[in-house]
Amino acid sequence: MEQQLKELAFDFFNVDAIKFGEFVTKVGLTTPVYVDLRVLIAHPKIMQKLSRALWELSKNSSSKVTQICGVPYTALPIATIISIESNIPMLIRRKEAKGYGTKKLIEGQFKPGEHCVIIEDIITSGSSILETVNDLQNEGLKVTEALIVVDREQGGRQHLEDHGIKVKSLFTLRKIIEYLVEAEHIDRNILEKVSNYLKNSQAPLKVNNQDTQVERLKMDFVTRARLAKNPLAKKLLFLMDRKQTTLCLAADLTDAEKILELAELAGPHIAVLKIHVDIIVNFTSDFVTRLQELSKKYNFLIMEDRKFGDIGHTVSLQYRNGIYKIAEWADIVTAHSVSGKGVIEGLKHGLNDLTEIRGVFLVAEMSSEGALKNGNYISQTISMTTDISLVSGVVCQSNIFSDPGLIQLTPGVKLSKSGDDLGQRYNTPEDVVNSGADLAVVGRGITEATEKLAAVMEYKKQLWDAYEKRISKE
């Protein structure tokens, strides 16, 4: 393999795929050496040799690869050759979703749960790979490994490994230079210049021109509360830190008295009590009054999981009027983004003349099996979170946004992985926290428990322990 790599390095040099001088990389850093593998499309024999050598790195992988995805655009021909020669299907991740036809972001045929390996030519910060990984994971694919031609040794490998992506590379930048010096293709002083450059030039990680998701997960709630621009998000982050709980109790019960009994029992230990008011068979205004009193007594917030999703005018009426008058008592509501920004405008309008702090969580992903979603829908939902006057967070199953002032609410939590007969999927407290959850929704794991208070305390402890472990990681 060593001799094969040397020959590839010489091939790169001979076809001018390695340049020396002064260049600017994609992440904006000035560099004395530039690797441009795009020129290899004019040299099919070298491309084939490179693709075969890169695929050798996939041997001894921990999971069986069933899909291949090349990062646009330089890695696409490499991934194509590997796909053809290995007879493994290939996926193409678009830079942006089509605005017509199927409107797909990921092209190909696949099933959720399949293992996909990433193919990339150069890694500097790792940003391009992470963007691709996020889009693939949003479609339910598992991505744990990336095969790289050249690691520029500027932080990309560490950034990816922080996100759980194992990196295997044919070359480091320094190793290519060493091969070229050894063959007397270049002077040794170039090696010294490049080595000094790499010591003092690490690449910042940027995904979609925002701070990275991993930085959000490493921050504690107090720090994030100070960065939050939405008043309700700020209040909730401080509340979770003060009570040392990230538990959102889903009291999805049909009897008002049982909801109040549960709120009395669990109130001291939860951050949010979530209900579905339209399933309560004995709803009265007195129920709302008593629930608000418990909320103040035990310092938790009330969430009405209404999942608004109509046009703005209708949403405004649903929020403020009717027999429930949700806007008057619910600290938080949930909303689908399917109707666009009109749903937020409708909620805003429903708050006219009300002075209480209110917030909305936009639903990007659900915990039910087979939920209809795609990368474009999710990215469009995240784009709506910029309305900081009302949006407090996102309901999702994975770490899909980076703003530390927003809160990730993740439903479907039980002490062990399981599911029900109606398509609900459950993950463990540690799993959801490591996947980005700040606030975790627990329902039947508590409401159907024989000892409900003991269940509340156990979920509270496991979730908080996982959060502390997450922010303590170096």
Side-chain angles (χ1 to χ4, degrees), residues 1-18 35-95 104-124 126 128-133 135-137 139-152 156-157 160 164-173 175-176 179:
M1 188 66 169
E2 177 80 5
Q3 185 58 37
Q4 186 180 7
L5 292 179
K6 287 183 179 180
E7 290 175 2
L8 272 173
F10 303 156
D11 287 336
F12 295 167
F13 180 78
N14 291 331
V15 299
D16 206 25
I18 301 177
V35 182
D36 180 12
L37 299 185
R38 287 170 292 188
V39 302
L40 296 185
I41 60 174
H43 304 276
K45 289 185 177 180
I46 299 176
M47 182 72 80
Q48 186 177 49
K49 188 193 305 184
L50 168 61
S51 301
R52 289 174 176 173
L54 187 62
W55 189 238
E56 283 292 311
L57 299 180
S58 68
K59 292 184 177 179
N60 302 319
S61 294
S62 57
S63 57
K64 182 180 179 181
V65 175
T66 57
Q67 296 283 349
I68 294 168
C69 184
V71 177
Y73 288 105
T74 309
L76 289 180
I78 301 174
T80 302
I81 294 172
I82 290 174
S83 174
I84 292 170
E85 296 197 343
S86 66
N87 198 31
I88 295 176
M90 176 179 164
L91 302 173
I92 295 178
R93 176 237 179 201
R94 289 177 169 271
K95 287 283 190 177
K104 290 181 179 179
L105 190 66
I106 305 297
E107 299 287 358
Q109 293 185 336
F110 60 90
K111 296 178 181 178
E114 285 195 77
H115 285 267
C116 182
V117 66
I118 298 290
I119 305 296
E120 177 63 303
D121 61 331
I122 313 294
I123 178 177
T124 304
S128 296
I129 292 178
L130 283 179
E131 290 175 4
T132 301
V133 168
D135 288 337
L136 291 169
Q137 289 178 339
E139 296 291 344
L141 290 154
K142 295 181 179 179
V143 187
T144 58
E145 190 170 82
L147 306 182
I148 316 295
V149 180
V150 181
D151 176 5
R152 285 186 59 95
R157 180 184 293 269
L160 290 174
I165 307 299
K166 185 177 182 180
V167 175
K168 294 181 180 179
S169 63
L170 282 178
F171 303 96
T172 62
L173 186 57
K175 180 56 71 174
I176 289 181
Y179 287 153

Can you name the closest pair of heavy atoms from [X] and [Y] and give their distance?
X: Ala9; Y: Ile18; answer: O-CD1, 4.4 Å
X: Ile41; Y: Pro77; answer: CG2-CG, 4.0 Å
X: Val39; Y: Ala17; answer: CG2-CB, 3.6 Å
X: Val71; Y: Ser128; answer: CG1-CB, 4.0 Å
X: Val35; Y: Arg152; answer: N-NH1, 4.4 Å
X: Cys116; Y: Cys69; answer: SG-CB, 3.6 Å

Which atom pairs, donor and acceptor, lie under 3.5 Å between side-chain atoms of residues 50-57 and protein residues at least two apart or in another chain?
{"from": "Ser51", "atom 1": "OG", "to": "Met47", "atom 2": "O", "distance (Å)": "2.8"}
{"from": "Arg52", "atom 1": "NE", "to": "Glu85", "atom 2": "OE1", "distance (Å)": "3.0"}
{"from": "Arg52", "atom 1": "NE", "to": "Glu85", "atom 2": "OE2", "distance (Å)": "3.3"}
{"from": "Arg52", "atom 1": "NH2", "to": "Glu85", "atom 2": "OE2", "distance (Å)": "3.1"}
{"from": "Glu56", "atom 1": "OE1", "to": "Lys59", "atom 2": "NZ", "distance (Å)": "3.1"}
{"from": "Glu56", "atom 1": "OE2", "to": "Lys59", "atom 2": "NZ", "distance (Å)": "3.4"}

So [Y] and [X], do their side chains get closer than 4.5 Å, heavy atoms only?
X: Val150; Y: Asp121; value: no
X: Lys64; Y: His115; value: no
X: Gln3; Y: Lys6; value: yes
X: Leu40; Y: Phe12; value: yes
X: Glu131; Y: Arg93; value: yes
X: Ser169; Y: Arg157; value: yes

Straight-line distance of [X] [atom1] to [Y] [atom2], nearest 0.5 Å:
X: Leu37; Y: His43; atom1: CG; atom2: NE2; value: 11.5 Å
X: Leu8; Y: Met1; atom1: CG; atom2: CE; value: 8.0 Å
X: Thr74; Y: Asp36; atom1: OG1; atom2: CG; value: 7.0 Å
X: Ile92; Y: Ser83; atom1: CD1; atom2: OG; value: 9.5 Å
X: Glu114; Y: Leu91; atom1: CD; atom2: CG; value: 8.0 Å

Examine distances only and state if a side-chain atom of Gln67 and a backbone atom of Gln109 form a donor-acceptor pair shorter than 3.5 Å.
->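 Side chain of Gln67 to backbone of Gln109: a pair is present.
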
Look at the side chain of Thr80 and the backbone N and O of Leu76, then say whether any donor-acceptor pair between them is shorter than 3.5 Å.
-> yes

Lys168, NZ atom: more than 12 neighbouring heavy atoms under 6.0 Å | yes

Taking atom CD of Glu2 as the centre, does the number of heavy atoms from other residues, nucleotides or ligands within less than 6.0 Å exceed 12?
-> yes

What residue among Leu147, Ile118, Ile88 forms side-chain contact (heavy atoms from CB on, under 4.5 Å) with Ile68?
-> Ile88

Could you check Leu170, Thr172, Ile122, Ile129 and say which one makes a side-chain contact (heavy atoms from CB on, under 4.5 Å) with Ile148?
->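 For Ile148, the side-chain contact (heavy atoms from CB on, under 4.5 Å) check succeeds only for Ile129.
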
